[in-house]
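Numbers for residues simply follow the sequence, beginning at 1.
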Amino acid sequence: MNLLRGAGLNGIATFPAATQNNFAMSNQQPFFFVMNPGSGNQNAQQTQDTISAILSAAGCRYQFMVVEEGSQLITAAQQAVKLAQEQAGAVVAVGGDGTLNTVSQAVLGTGVPFGVLPQGTFNYFARCYGIPQDTDAATQCLIDAVIKPVNVGKLNGKIFLVNASLGLYPQLLEDREAFKQRFGRNRLVALGAALMTLLKAHRQLAVQIEYAGEIRTLRTPTIVVNNNALQLEHIGIDKGDELARNHLVAITSTPVSTPALYGMLLRGLLSRLGEDENLISFSFEKMTVRLGRGRRRIKVAMDGEVSYMRSPLEFSVAEHRLPLLVPRDPALRSQS
């Protein structure tokens, strides 16, 4: 891990509680940027130069913490949190939703403000909270940001910012990443990968779902748990208000054929997935998913990162809120 240049990180400042919505950063409170050059499609050095020029002109203090491999992100994020606590600063994740997820794991519950400079393909987390997609504009917004406490989801002790899933959706993400490695990172490549994934034969999951005191047995190709109002809006599921009520939204379906899956994909692209007769969606505070047929482990995806977890899968809203730095100007937030 390379710790790159900083700007005069030698002062200590007092920092008000991170739960105050109207609190803004000042140029006396340093930013600690955790960067993953492999995340997104922008030049890492160019990104650093842009950030440095803007913050230096504003008289802000900052330090870059750049990792060479994704496996180093956790260590870098923990070190950034420690420095931010010591110097009353903020931690800023630079990358796609997967990078933001990893850094936020270290930040959550510490009281340290969390900023993001999105560098990925979809950037649903940043866009949902009005953070500009352009590095220049996003950095400018950091200088005068305010803190907005936001809910995050939790799955078996790990948090997710946008969504968590099992079944077909994690396989789709793995195929999409393979396509991006070959053809580049853009939305057309992601769509092509999705079309190819749905061509394959898929096993239906046999699961038992428990929530709100009820138990339901279901066969389904996938389960997605969503924590992002913008993504729900884009696919046409009208349950974004449930997230504001400290709920998560589960999306699943009855067993469906490949043509029916293509139909669901098309409706999602047209923001009409909620109209599909095979769709099942509901909101919850806590949900337990148990696997059938003696299965103990299953592939899951959290904010685009795929791993394996043991059954049962426990979904819930995290106890702590994330103190997110968002643009002060509501007009900027509405335009993102």
Side-chain angles (χ1 to χ4, degrees), residues 14-25 29 31-34 73-95 97-118 124-126 128-131 142 145-164 211 225-232 240-250 283-288 300-305 307 309 312-326 333:
T14 58
F15 196 88
T19 56
Q20 300 301 313
N21 287 17
N22 59 354
F23 179 74
M25 294 290 291
Q29 293 151 336
F31 296 100
F32 297 93
F33 292 89
V34 182
L73 266 176
I74 295 176
T75 301
Q78 291 171 340
Q79 185 173 355
V81 169
K82 182 175 183 295
L83 291 170
Q85 288 176 317
E86 293 172 350
Q87 302 184 45
V91 172
V92 182
V94 185
D97 284 335
T99 296
L100 272 52
N101 177 297
T102 300
V103 178
S104 68
Q105 299 270 353
V107 172
L108 190 69
T110 66
V112 171
F114 178 63
V116 301
L117 295 184
Y124 272 113
F125 180 72
C128 187
Y129 296 105
I131 298 168
L142 276 179
V146 294
I147 292 176
K148 177 181 178 63
V150 301
N151 285 338
V152 297
K154 201 170 184 178
L155 169 57
N156 285 13
K158 294 186 177 182
I159 69 171
F160 58 94
L161 305 177
V162 178
N163 61 47
Y211 73 99
V225 175
N226 195 284
N227 184 50
N228 189 275
L230 180 63
Q231 189 175 59
L232 289 175
D241 58 334
E242 293 293 331
L243 302 180
R245 296 175 53 213
N246 298 329
H247 287 181
L248 299 171
V249 175
S283 63
F284 65 91
E285 294 180 353
K286 294 183 179 181
M287 179 178 73
T288 301
V300 300
M302 303 175 69
D303 295 337
E305 300 298 317
S307 62
M309 284 190 176
L313 302 176
E314 304 281 352
F315 294 89
S316 65
V317 178
E319 177 184 357
H320 299 285
R321 288 185 171 187
L322 193 63
L324 181 66
L325 294 173
V326 301
R333 296 201 293 271

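Below 30°, between 30° and 60°, or above 60°: for F284 and F315 the angle between ring planes is above 60°, a perpendicular geometry.
Taking both residues in full, the closest heavy atoms of G89 and P113 are given as O-CD, 3.5 Å, listed atom of the first, atom of the second, then distance. Contact record, L243 with A229: CD1-N, 3.3 Å, taken as the closest heavy-atom pair. What you find for L322 and F114 is that their closest heavy atoms are CD2-CD2, 3.4 Å. Annotation for S316 and K286: closest pair CB-CG, 3.9 Å, computed over non-hydrogen atoms.
A donor-acceptor contact under 3.5 angstrom links the side chains of Q231 and N226, judged on distance only.
Within a 6.0 Å radius of CD1 in I74, no more than 12 heavy atoms belonging to other residues, nucleotides or ligands are found.
Evaluation of the side chain to side chain contact (heavy atoms under 4.5 Å, CB included) rule for E285 yields H247 as partners, not counting sequence neighbours. For E242, the salt bridge (Lys or Arg N to Asp or Glu O under 4.0 Å) test picks out R245, with sequence neighbours left out.
Atoms CG and OG, on N246 and S283 in that order, are 11.5 Å from each other to the nearest 0.5 Å. Here the CD atom belonging to Q29 is positioned 11.5 Å from the CD atom belonging to Q87, to the nearest 0.5 angstrom. Here N228 contributes atom CG and C128 contributes atom SG; the two are 4.0 Å apart, rounded to the nearest 0.5 Å. Atom CG in L100 sits 9.0 Å away from atom CG in L117 (nearest 0.5 Å). Distance CG/N151 to CD/E319: 12.0 Å, rounded to 0.5 Å. Distance check: I131 CD1 to L142 CG gives 8.0 Å after rounding to the nearest 0.5 Å.
Annotation: side chain of F33 is not in contact with side chain of V91 (no heavy-atom distance under 4.5 Å). Within the 4.5 Å cutoff, no side-chain heavy atoms of V81 are placed close to those of V103. With contacts defined as side-chain heavy-atom distances shorter than 4.5 Å, the pair V300/S307 qualifies. Counting only heavy atoms from C-beta outward, the side chains of V107 and T110 approach each other to under 4.5 Å. Using a 4.5 Å cut-off on side-chain heavy atoms (C-beta onward), Y129 and L325 make no contact. Using a 4.5 Å heavy-atom threshold, the side chains of L161 and N227 count as separate. A heavy-atom distance below 4.5 Å is found between the side chains of M287 and V225. Side chains of V94 and V34 form no contact here, defined as non-hydrogen atoms less than 4.5 Å apart.
A side-chain hydrogen bond (donor to acceptor under 3.5 Å, both in side chains) with K82 is found for one member of E86, Q79, Q85 and no other, namely E86.
Counting only distance, with no hydrogens or angles, the side chain of N101 and the backbone of I159 share a donor-acceptor pair below 3.5 Å.
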Verify side-chain hydrogen bond (donor to acceptor under 3.5 Å, both in side chains) between D303 and N163, making sure each step is shown before the conclusion.
CA-CA 6 Å; D303 295 337; N163 61 47; 5.9 Å; no
Check the pair L313 / T288 against side chain to side chain contact (heavy atoms under 4.5 Å, CB included), numbers first and verdict last.
CA-CA 6 Å; L313 302 176; T288 301; over 6 Å; no
Between F32 and V92, is the side chain to side chain contact (heavy atoms under 4.5 Å, CB included) condition met? List the steps.
CA-CA 6 Å; F32 297 93; V92 182; over 6 Å; no
Would I147 and L324 satisfy side chain to side chain contact (heavy atoms under 4.5 Å, CB included), going step by step from the backbone distance to the final call?
CA-CA 5 Å; I147 292 176; L324 181 66; over 6 Å; no
Give the C-alpha distance, both sets of side-chain angles, the deciding distance and a yes or no for side chain to side chain contact (heavy atoms under 4.5 Å, CB included) between K158 and M302.
CA-CA 9 Å; K158 294 186 177 182; M302 303 175 69; 3.8 Å; yes
